[in-house]
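Heads up, the thing below is written out as structure tokens.
Below, chain A is the first sequence line, B the second, and so on; all start at residue 1. Just so you know, these numbers use all the heavy atoms, side chains as well, and skip hydrogens, waters and symmetry mates.
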2 protein chains.
Amino acid sequence: MVLKVRKKVRALPGCPMSKCMDLLGGCWTPEVLWSLSEGPRRFSELRRDNPFISAKVMTSRLRDLEKRGVLTRNVMPTSPPTVEYELTDLGKELLPAIRSIVEVGSRLLLRDSTG
Amino acid sequence: MVLKVRKKVRALPGCPMSKCMDLLGGCWTPEVLWSLSEGPRRFSELRRDNPFISAKVMTSRLRDLEKRGVLTRNVMPTSPPTVEYELTDLGKELLPAIRSIVEVGSRLLLRDSTG
DNA sequence: GCGGGCAGTTTCCAGCTGGTTACCGAAAAG
DNA sequence: CTTTTCGGTAACCAGCTGGAAACTGCCCGC
């Protein structure tokens, strides 16, 4: 549920895991990416998707991910404002990892309930 | 590279992602699991595998994972002491997620160099 | 004229946490 | 005799960071 990104120690140059965790890292990041996996979503939709993420953290995570090229932020000139977030190609490359995490989680839940 | 576990907000009851992240979460946890994926390893081997993890954090992560049933700690009565860590069945269930993260990372590295 | 929804921003604060350093006992190596 | 290895533990400290609450501007509906 909670990933944290370090500021100092960035991804080790040639390490695949570091490379990937550098993008997945950060509190709630996997949840956000999961919400975006089905297609573009607006800020308030993302917030309703996972009500435990505060607005501040949601904003911060989205900005980070935008900066890293994982998603795009598209402000539409409507009123009230509409902002759509969408995974980039880079973002979509992360989905197999996200899906795998969800799959493993599902299996663990089953395991729990069936003993 | 760095995942952080929250103390208060544990896994949401029925959420697969939370369920899985609850075990993967915590700084360096994926790296440790990755090191153990090939078989049992000793403390000092784990430390050499990833020299950026301090002894303190390594210990703390291993104890957490043991408590959660992800790995076993086996102290052998040798001198100097030998301690072996090994994934449990539960721990092995996490490997698909870990592998997927590594795979995605590898693809991203390739993308960087050929892109 | 009031409230509400959108999409945030700002401020402040507590707390967890990871890094660093020092230290442990036993035994083997030099 | 000294140093190293093994597998840690204890103490201390700085810093990031997430949470909470208040505030913003704009427009629509009542």
Quiz prompt | Nearest atoms (heavy-atom pairs only) where V104(B) meets C20(A) | solution = CG1-SG, 3.8 Å
Exercise. Rounded off to whole Å, could you give me the CG-to-C1' distance for the N74(B) and dC6(D) pair?
Key: 15 Å
Quiz prompt | Spacing of I53(A) atom CD1 relative to dA20(D) atom C1', expressed in whole Å | solution = 16 Å
Quiz item: So, is S54(A) near the phosphate of dG19(D), with a side-chain N or O under 4.0 Å from OP1 or OP2?
Solution: yes
Quiz item: Is the phosphate of dC6(C), meaning OP1 or OP2, less than 4.0 Å from a side-chain N or O of R47(A)?
Solution: no
Quiz prompt | Nearest-Å distance for atom pair CZ/C1', residues R61(B) and dC16(C) | solution = 11 Å
Quiz prompt | Minimal non-hydrogen separation, L90(B) against R68(B), with atom names | solution = CD2-O, 3.4 Å
Quiz item: Rounded to whole angstrom units, what separation is found between the CG atom of D64(B) and the P atom of dC16(C)?
Solution: 14 Å
Quiz prompt | Minimum side-chain heavy-atom gap I101(B)-W34(B) below 4.5 Å | solution = no
Quiz prompt | Closest contact, heavy atoms only, L95(B) versus L33(B) | solution = CD2-O, 4.2 Å
Self-check item: Nearest-angstrom distance from the residue atom CD of E66(A) to C1' of dG8(C)
Solution: 14 Å
Quiz prompt | Pairs satisfying side chain to side chain donor-acceptor pair (under 3.5 Å), at least one member in residues 48-59 of chain A, at least two apart | solution = S35(A)-D49(A), R41(A)-D49(A)
Self-check item: Inter- and intrachain pairs under salt bridge (Lys or Arg N to Asp or Glu O under 4.0 Å), touching residues 77-100 of chain A, at least two apart
Solution: E93(A)-R111(B)
Quiz item: Please give, in whole Å, the distance from dT4(D) C1' to R48(B) CZ?
Solution: 13 Å
Pairwise N/O distances under 3.5 Å, protein to nucleotides 7-11 of chain D:
unit_1: dG7(D); atom_1: OP1; unit_2: R42(B); atom_2: NE; d: 3.2
unit_1: dG7(D); atom_1: OP1; unit_2: R42(B); atom_2: NH2; d: 3.1
unit_1: dG7(D); atom_1: OP1; unit_2: P81(B); atom_2: O; d: 3.4
unit_1: dG7(D); atom_1: OP1; unit_2: V83(B); atom_2: N; d: 3.0
unit_1: dG7(D); atom_1: OP2; unit_2: S44(B); atom_2: N; d: 3.1
unit_1: dG7(D); atom_1: OP2; unit_2: S44(B); atom_2: OG; d: 2.8
unit_1: dG8(D); atom_1: OP1; unit_2: R63(B); atom_2: NH2; d: 3.4
unit_1: dG8(D); atom_1: OP1; unit_2: R73(B); atom_2: NE; d: 3.3
unit_1: dG8(D); atom_1: OP1; unit_2: R73(B); atom_2: NH2; d: 2.1
unit_1: dG8(D); atom_1: OP2; unit_2: Y85(B); atom_2: OH; d: 2.7
unit_1: dG8(D); atom_1: O3'; unit_2: R63(B); atom_2: NH2; d: 3.4
unit_1: dT9(D); atom_1: OP1; unit_2: R63(B); atom_2: NH2; d: 3.0

